[in-house]
Structures are given as C-alpha cells and as structure tokens.
Amino acid sequence: MFKVVKDYIGKYLKYAIIGPVAIGLEVLLEVYMPYKTAEIINVSYGNGDKRYIVAIGLYVLILTIVSLIFGALSGWASSVAAVGLGKNVRTALFEKVNKFSFANTDKFSTSSLITRLTVDVNNVQNSFMMILRAFVRSPLMLIAATIMAFKINKHVAVVYLISIPALAIGLTAVSVCAFPKFQKMLKKYDTMNRDIQENLIGIRAVKAYVREDYETNKFFKTSEEVKNAQVGAEKIIALNGPIMQFIVGVTIGSVLYFGGEQIVLGNMGPGDLFTLVTYGMQILMSIMMLSMILVMVVISKASVTRINEVLDEEIDIVEKTDNKTKELKVQNGDIEFKNVYFKYNEIINLELESEKDDKPKKKKLSALDKFQQAADDFKKAISNLTSQKNKSVEAENYTLSNINFKIKSGETVGIIGATGSGKTSLINLIPRLYDANKGKVLVGGVDVKDYSLKNLRDAVAIVLQKNELFSGTISENLRWGKEDATHQEIVDACKIADANDFIMSFPNGYETELGQGGVNVSGGQKQRLTIARALLKDPKILILDDSMSAVDTKTDKNIRKGLKSFRPDITKIIIAQRISSISDADKIIVMNNGLIDQIGTHDELLKTNDIYKEIFNSQKNGGKQ
C-alpha cells in the first residue's frame, strides 16, 4: 500500500496531510471534553454553583463546534486524497495496459484486468481513505484517552491495560485469518467478469444456438461461487463484533465495579466515574477502529498485489530511447526476414490458475516407477539432441522456423497456407507486435528494433483478422487512421475499400453512429471500414490479414483493383484463404507448419508446389476432392 501511495498520490499529497492533521486536532478536543464534563457533574453533586456550571457548559459547547469543524475538514480532505489516489492508480494501470505487447496481454484475461481497474482500485481507494481518517485518530485517541483515564484514577484505569491487549490480539487474529479468504473472493470476481464479458460479446451466438438457459445456469454457478467466497470471508470478519462486545462489556463492568468502590472510599467523584466510562469507550472504540483498518488493509493488500502484478509486469518489447532512434524514420517499404525463429511464450493463465484452490498432492513413486521415469527422461534427452539436427522437428518447438525472404518496396505479396501454418505470426513481427526469438526482421533496410515503436508502427498499417470498431460515428472511426483527415480524404479511402456506397445508403452517411464494436454493420462492411481506416494512414507497408474473408468475390475484386491503383510505392501484404485474392500478386509465400514451403508467382506455384495446387484445386472444385 505504501509504495502505491508514494508513487501515485501526486498533487493530492497536501490533502493527505491536511486530513490527518485535522483529525488529530479533533481527537485532542474530543478527549479533553469529557474531562471538563466531569467538572460539571462533580460541581452539581457538590456546591451546585450554577454560574460555574453554565460557564463550563458553554466552554464545552464551543469545543464541540470547533471539533466538528476539524472533523468536517478532515473528512473532506481525506476523501479528496483517496479519490485522487484512485484516479491516478487507475490511469497508471490503463496506461500500462496500453503499453503491453501482445505477449504481455496474453498473460492477463480481459475480465481480470477490468476487475483490477475497478474492484481492486476501489478497495485501495477506500482503504486509503480509512487509513487517513482512522490511522491517526485511533492511536492518538487510544493514547490520549488512556493518559487521561490514569490522570483521573490509576487504580481503575489499570483495567484498560488488560482489556487493550486482549481485544487487539483477538481482532488481529481474525483479520489475519480473513486475508486468504479475500484473495480467493477477488479471484472469483475475475471468473464471474469473464463469464459476463464472454456472454455479452457472444450474445448473437448464444441466441443462435439457443444457449440462454445454459449461460444463465453457468452464471448462476459462478455468482454462487463469488457469494460463497464472500460469505466465507465475512464469516471470519463477523467474529469482530462478538469479540469486541464481550471484551467491552467485561471492561465497562469492571470499571463500574472498581470505580464504585473508589467513590465509596472518597477517592473520586461521580463525574470522574462517568468520564472513566467515556474514556473506556473511546479506548475500546479506538481499538475497534484499528481492527477495521486492519480488515481494510487485509482486503486492500490482496488488491494491491493484483494491481502491482500489472504495474510491475515487464514489457517484453522495449524500444531504444536515444535521439537517433527517435529521429529514425522508415524510408521505404522494403522488408527482409533473416533466419527468423519465433515461438509464443508459455502462458500461465492467471485467471485459470486462480480457480485451482489446492495444489495437487505429489504421488509417492515406487522404485519401479522411479526407474521408468528415469528411462523416460533419458529417452527425452536423446530425442532433444536429435531434434536439433532436424529442421522439421525444430518447427514443432517454434511457431516460425528459419524464415528467410525479401520484399521490395511497392511489391504486392500474398501469403497462403493452412490454418495454424504461421501466417499471422509472421506478419505480427513486422510492426513488432511480437519480437522474433532469433534472427532479424528488417524494414526499410533497418532492424525493426532500431526504430521507435511509434515511428515503426506509423509506417505500417495492419488490418488484423479480428476487426475492431469503436463507439462513435463512422468518420470518427476512420480518423483513427489520420486524425486530421479531410472529408474528401475519407471518401477517397472508402471508395478504394469499396465502402462508400453502403455508407451513403445510411440516412446520416459518414456521421452514422456505430454501436460498440460496430454491431450495427455486417462483417463484410466492418472489414471494408477497417481497410479504409488503414489506407487513411498512408503507410509505407499495408498488411491485410485475411481482411476480405467476409466480402463476396465481386467486392473482393473491386478492393484488389482499388489497392492496385493506390500508391504503387506502398508494399502490400495480403494474407488470404482464397487464391483468387492473391493470384495477381508479384509473389506468393506458401506457409506450412511454421516453415516457408515455397515462394513464387501464381503460375510457378501451380506447376511446382503441391500445397498450392491442392488449395487451388479444392477451391476450383468448390471444396470437392
């Protein structure tokens, strides 16, 4: 918690100081007032001096008003500081997530990141506000009230020296036991948010397959698990009440008993006994507040851990920060892969791991089992040594293996291959969405790692397999490609992408509002809009990753015709399942199991490449073999 506050309190530090200072002054006044009230009671039972009683009463009233002012000031300042901290932490999380590479994003589920940005940040925010208000108030009141109690009568006040440790130990034990329960509860929240997200995103599929009842039952089970986890944590926290009430009851009873004896002996007055009881309540309430702080810290500790997992995540794609790198621009669309190998990191799915409540127990192995295991390990070691000499076996370990090719600026290159052959993985290396494990990827004759990410990605426009549109108008979505694009530039790009006609069929044309994710346009229309958005970027390299799969062959042909006339100096890479989409490319790369099977023109590949001929024949015959 301290590290998060130190790093992200920022300009709200002054409010974080004002709050505790004001609380401290309020506490001193609250502790002092019962002492003066005791005088009123003692005088009433003594000589009954009304003028003195009224004067002391007015004095106490003034102290109460001043204390109220300090209390309001501390509440306002603490709230501002806590809300400001929450805003800064949430912003830092969002900025960090936006800097993640694809590999970093793979480690966290979307639902888990949403929980961390909402529930976890709110827990930290509420805990910080509680700490600002109570962390000063409780210890100060505990110390001050104890001192005042001993000042009145040390023989009675000694009761508090017994009750304070007993209550503190009991409440601390409860809080410590509750910590793992709250950790489990937050992880269950991740799972529930995942189910909600999947259901809302895939609502059309849910309805198409009439799976509403299944999804409802699945969500019921998930929400039931959240409830059970929360109840399990709250059951432990609920012990705070009985423990506190028992100790408070015993303490106050003891104070009344011993205080009554002191009054009978003439060692103190009735007002002093009233004040001792008041101080006793202040002392015990201070300990209760400290236990509440401890509970909030316990909850926030789990949340802080989850927040720090994101903030401390090491971004695997790091760009150089020297001035040369910042100034280096992509000069042309030349692309070269030199002995490139790439594999995805082994991902530990944090969300799925959280659902495993217990570690699996290790099975005790017999001597025969151990011998068999050793033999298996030896076979595996021999196999690994052999695989180093075999490129095809090496391809099983890498998504891409030994990739070598050159593309000249202005060329149109097609990439084709079976699902899982590595087509998308290959083009993801060009704008550094992932980094190659071995070898080099060069753009414009320069290693992609020597460019700043901004300069590199500004020069590469990529339309991914999953087309993303955002809430807003069509023109606002298209201006993601170029913020200051004129209306005519937008229209020209849409004409090349064969999108202008369907856009103009809408009543509001380019000012038509798109729903979240573009739900009010078809898959083919969405693809054309994302292609137009990429064209507006005016890149050196244009990559279309199976971006015309949802359009008909006529539209496909129109788009290819438009792309051919669009900036002939731009390198165009088209990943496609249909051979007709890439048949007129300058060259075609055939991928197979992470390897380049062959590179050539359409006519060359038809004569010499079995994979290409098989795809061509299957499509020519309508999928019939």
Between Asn339 and Gly439 (side chain of the first, backbone of the second, donor and acceptor by atom type, cut-off under 3.5 Å), is there such a pair? no

Asp584/Arg560 salt bridge by N-O under 4.0 Å criterion: yes

Verify, without hydrogens or angle tests, whether Asp450 (side chain) and Val446 (backbone) share a donor-acceptor contact under 3.5 angstrom. no

Which atom names give the shortest non-hydrogen contact between Ile503 and Cys494, and what distance separates them? CD1-SG, 3.7 Å

Scanning both residues in full, the closest heavy-atom pair of Arg306 with Asp120 reads NE-OD2, 2.7 Å

What do the steps show when you test Ile573 against Ile407 for side-chain contact (heavy atoms from CB on, under 4.5 Å), and what is the final call? CA-CA 9 Å; Ile573 300 176; Ile407 300 174; 4.0 Å; yes

Please assess Thr530 against Leu469 for the test side-chain contact (heavy atoms from CB on, under 4.5 Å), listing each intermediate value before the final yes or no. CA-CA 8 Å; Thr530 53; Leu469 294 174; 4.0 Å; yes

Any ion pair linking Asp492 and Lys495 (charged N to carboxylate O, less than 4.0 Å)? no

Measure the CZ-CD distance between Phe502 and Gln525 for me, rounded to the nearest 0.5 Å. 4.5 Å

Counting C-beta onward and ignoring hydrogens, is there a side-chain heavy-atom pair between Leu563 and Ile559 closer than 4.5 Å? yes

Any chance CZ of Phe94 has more than 12 other-residue heavy atoms, nucleotides or ligands included, within less than 6.0 Å? no

Residues 410-436 vs salt bridge (Lys or Arg N to Asp or Glu O under 4.0 Å), sequence neighbours excluded, gives Glu411-Lys587, Arg432-Asp435

Would you say the side chains of Ser421 and Asn592 form a donor-acceptor pair under 3.5 Å? no

Does the Arg90 side chain pair with the main chain of Leu117, one donor and one acceptor, at a distance under 3.5 Å? yes

Write down the atom of Gln619, the atom of Ile579, and the distance for their closest heavy-atom approach. OE1-N, 3.0 Å

What distance separates Asp538 CG from Glu489 CD, expressed to the nearest 0.5 Å? 8.5 Å

Classify the angle between the aromatic ring planes of His602 and Tyr612 as parallel (below 30°), tilted (30 to 60°) or perpendicular (above 60°). perpendicular

Please assess Lys96 against Leu93 for the test side-chain contact (heavy atoms from CB on, under 4.5 Å), listing each intermediate value before the final yes or no. CA-CA 5 Å; Lys96 184 63 179 279; Leu93 282 170; 5.7 Å; no

If every non-hydrogen atom of Gly414 is compared with every non-hydrogen atom of Ala585, which pair is closest and at what distance? N-CB, 3.8 Å

Would you call Glu309-Arg116 a salt bridge at under 4.0 Å N-O? yes

Looking at Leu478 and Leu536, what are the two nearest heavy atoms and their distance? O-CD1, 3.3 Å

Report the relative orientation of the aromatic rings in Phe405 and Phe337; use parallel for angles under 30°, tilted for 30 to 60°, perpendicular for over 60°. parallel

Donor-acceptor contact below 3.5 Å, side chain Glu95 vs main chain Ala92: no

If you measure only the distance, is there a donor-acceptor pair under 3.5 Å linking the side chains of Ser425 and Tyr344? yes

Please round to the nearest 0.5 Å and tell me the distance separating atom CD1 of Ile570 and atom CD1 of Ile541. 10.0 Å

Would you tell me whether Tyr510 and Asn500 have side-chain atoms, one donor and one acceptor, within less than 3.5 Å of each other? yes

Is it true that a side-chain atom of Asp546 and a backbone atom of Ala576 form a donor plus acceptor pair closer than 3.5 Å? no

CD1 of Ile416 to CD1 of Ile575, rounded to nearest 0.5 Å, is 11.0 Å

Inter-residue atom distance Leu311.CG - Asn308.CG, 0.5 Å rounding: 6.0 Å

Find out whether Asp334 and Val443 are in side-chain contact, i.e. whether some heavy atom of one side chain is under 4.5 Å from a heavy atom of the other. no

Ala459 and Pro539: which non-hydrogen atoms are nearest, and at how many Å? O-CB, 3.5 Å

Is the backbone of Ala497 close enough, under 3.5 Å, to the side chain of Arg528 for a donor and an acceptor to pair up by distance? no

As an exercise, state the distance from OG1 of Thr571 to NZ of Lys540, rounded to the nearest 0.5 Å. 10.5 Å

Sequence neighbours excluded, the answer for salt bridge (Lys or Arg N to Asp or Glu O under 4.0 Å) partners of Lys554 is none

So, do Phe342 and Tyr434 have ring centers that fall under 6.0 Å from each other? yes

List the steps and the verdict of side-chain contact (heavy atoms from CB on, under 4.5 Å) for Met591 and Asp597. CA-CA 6 Å; Met591 299 291 297; Asp597 194 74; over 6 Å; no

Taking Tyr451's backbone N and O only, do any of them form a donor-acceptor pair with Asn455's side chain (distance below 3.5 Å, no angle check)? no

Check the side chains of Asn558 and Thr555 for a donor-acceptor pair under 3.5 angstrom, ignoring hydrogens and angles. no

When you check the side-chain N and O atoms of Asn332 and Ser409, is any donor under 3.5 Å from an acceptor? no

Ile490 side chain reached by Arg479 side chain, heavy atoms, under 4.5 Å: yes

Output yes when Glu215 and Lys218 qualify as a salt bridge under the 4.0 Å nitrogen-oxygen rule, no when they do not. yes

Donor-acceptor under 3.5 Å (Glu476 side chain, Thr473 main chain): yes

Has Thr222 got a side-chain atom pairing as donor or acceptor with Met192's backbone, closer than 3.5 angstrom? no

